[in-house]
Amino acid sequence: IPAAPYLIVAAHPDDEVLGLGGQFPSFPSPVFVHTTDGAPLSTPGRKEYAARRRRELESALAIAGISPFSLIQCGAIDQ
(Lines give C-alpha, C1' and ligand atoms only; values in the text may rest on other atoms or scores of the structure.)
Protein backbone atom coordinates (compact mmCIF):
# COMPACT_ATOMS: atom_id res chain seq x y z
CA ILE A 1 0.00 0.00 0.00
CA PRO A 2 1.50 3.38 -0.97
CA ALA A 3 2.42 5.84 1.76
CA ALA A 4 -0.42 8.34 1.28
CA PRO A 5 -3.44 9.35 3.34
CA TYR A 6 -6.58 7.29 2.82
CA LEU A 7 -10.18 8.49 2.88
CA ILE A 8 -12.57 5.81 4.12
CA VAL A 9 -16.27 6.60 3.68
CA ALA A 10 -18.95 4.62 5.50
CA ALA A 11 -22.67 5.08 6.06
CA HIS A 12 -22.65 4.32 9.80
CA PRO A 13 -20.06 4.35 12.56
CA ASP A 14 -18.73 0.77 12.79
CA ASP A 15 -19.11 -0.09 9.09
CA GLU A 16 -15.44 0.78 8.51
CA VAL A 17 -14.34 -1.45 11.37
CA LEU A 18 -16.39 -4.38 10.07
CA GLY A 19 -15.20 -3.92 6.50
CA LEU A 20 -11.57 -2.87 6.93
CA GLY A 21 -10.65 -3.10 10.61
CA GLY A 22 -7.90 -5.63 10.08
CA GLN A 23 -6.29 -3.40 7.46
CA PHE A 24 -6.07 -0.20 9.53
CA PRO A 25 -2.40 -0.67 10.48
CA SER A 26 -1.57 -0.70 6.74
CA PHE A 27 -3.21 2.67 6.06
CA PRO A 28 -1.01 5.71 6.73
CA SER A 29 -2.97 8.71 8.00
CA PRO A 30 -6.51 7.36 7.45
CA VAL A 31 -9.42 9.80 7.53
CA PHE A 32 -12.91 8.40 8.18
CA VAL A 33 -16.13 10.00 6.95
CA HIS A 34 -19.52 8.79 8.24
CA THR A 35 -22.60 10.01 6.44
CA THR A 36 -24.91 9.29 9.39
CA ASP A 37 -24.59 9.47 13.15
CA GLY A 38 -25.66 5.82 13.41
CA ALA A 39 -28.82 6.59 15.39
CA PRO A 40 -32.21 6.06 13.72
CA LEU A 41 -34.86 8.74 14.28
CA SER A 42 -37.12 6.16 15.94
CA THR A 43 -34.53 5.32 18.63
CA PRO A 44 -35.60 6.47 22.12
CA GLY A 45 -32.90 8.81 23.44
CA ARG A 46 -31.54 9.15 19.91
CA LYS A 47 -28.97 11.86 20.66
CA GLU A 48 -27.52 9.95 23.60
CA TYR A 49 -27.40 6.80 21.48
CA ALA A 50 -25.56 8.66 18.71
CA ALA A 51 -23.06 10.01 21.26
CA ARG A 52 -22.52 6.50 22.64
CA ARG A 53 -21.87 5.15 19.14
CA ARG A 54 -19.31 7.92 18.59
CA ARG A 55 -17.52 7.05 21.84
CA GLU A 56 -17.48 3.36 20.89
CA LEU A 57 -16.01 4.24 17.50
CA GLU A 58 -13.32 6.43 19.05
CA SER A 59 -12.42 3.64 21.49
CA ALA A 60 -12.19 1.03 18.74
CA LEU A 61 -10.01 3.24 16.55
CA ALA A 62 -7.79 4.15 19.52
CA ILE A 63 -6.85 0.47 19.78
CA ALA A 64 -5.50 0.79 16.22
CA GLY A 65 -3.66 3.99 17.15
CA ILE A 66 -6.02 6.24 15.17
CA SER A 67 -6.83 9.68 16.56
CA PRO A 68 -10.44 10.91 16.95
CA PHE A 69 -9.27 13.94 14.92
CA SER A 70 -9.28 11.57 11.92
CA LEU A 71 -13.10 11.27 12.14
CA ILE A 72 -15.56 13.38 10.15
CA GLN A 73 -19.27 12.94 10.69
CA CYS A 74 -21.71 14.47 8.20
CA GLY A 75 -24.47 14.20 10.81
CA ALA A 76 -27.37 12.81 8.79
CA ILE A 77 -29.91 10.87 10.84
CA ASP A 78 -29.64 7.14 10.26
CA GLN A 79 -32.32 5.50 8.07
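In this chain, residues are counted from 1 in sequence order.
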message = If you take the centroid of each ring, where Trp contributes its six-membered ring, are F24 and F32 closer together than 6.0 Å?
response = yes

inquiry  = Strictly by ring-ring contact (aromatic ring centres under 6.0 Å, His included), give each pair with a member in residues 57-79 just once, sequence neighbours left out.
reply    = none

request  = Flag the pair P68 / L61 as yes when at least one side-chain heavy-atom distance between them is below 4.5 Å, and no otherwise.
outcome  = no

query = Do L20 and V31 belong to the same hydrophobic cluster, where Ile, Leu, Val, Met, Phe, Trp and Tyr are linked whenever their side-chain heavy atoms lie under 4.5 Å apart, directly or via other members?
reply = no

request  = Specify the closest pair of heavy atoms between P30 and I8, including all atoms of both residues, with the distance to one decimal.
outcome  = CB-CD1, 4.2 Å

note = One should read off an interatomic distance between I72 CD1 and L7 CG, to the nearest 0.5 angstrom, of 7.0 Å

Shortest non-hydrogen contact from L41 toward R46 = CA-CD, 3.5 Å

inquiry  = Please find the pair of heavy atoms, one from G38 and one from Y49, that lie closest to each other, and give the distance.
reply    = O-CE2, 3.4 Å

task = Could you note down all residue pairs passing side-chain hydrogen bond (donor to acceptor under 3.5 Å, both in side chains) where residues 9-21 supplies at least one of them, sequence neighbours left out?
result = H12-D15, H12-D78, D14-R53, E16-H34

query = Which pairs, with at least one residue in residues 65-75 and sequence neighbours excluded, count as a side-chain hydrogen bond (donor to acceptor under 3.5 Å, both in side chains)?
reply = none

remark   = Rounding to 0.5 Å, atoms CG (L57) and CG (D37) come to a distance of 12.0 Å

inquiry  = Pair E48, R52 - check salt bridge (Lys or Arg N to Asp or Glu O under 4.0 Å), show working.
reply    = CA-CA 6 Å; E48 293 80 14; R52 185 171 54 240; over 6 Å; no

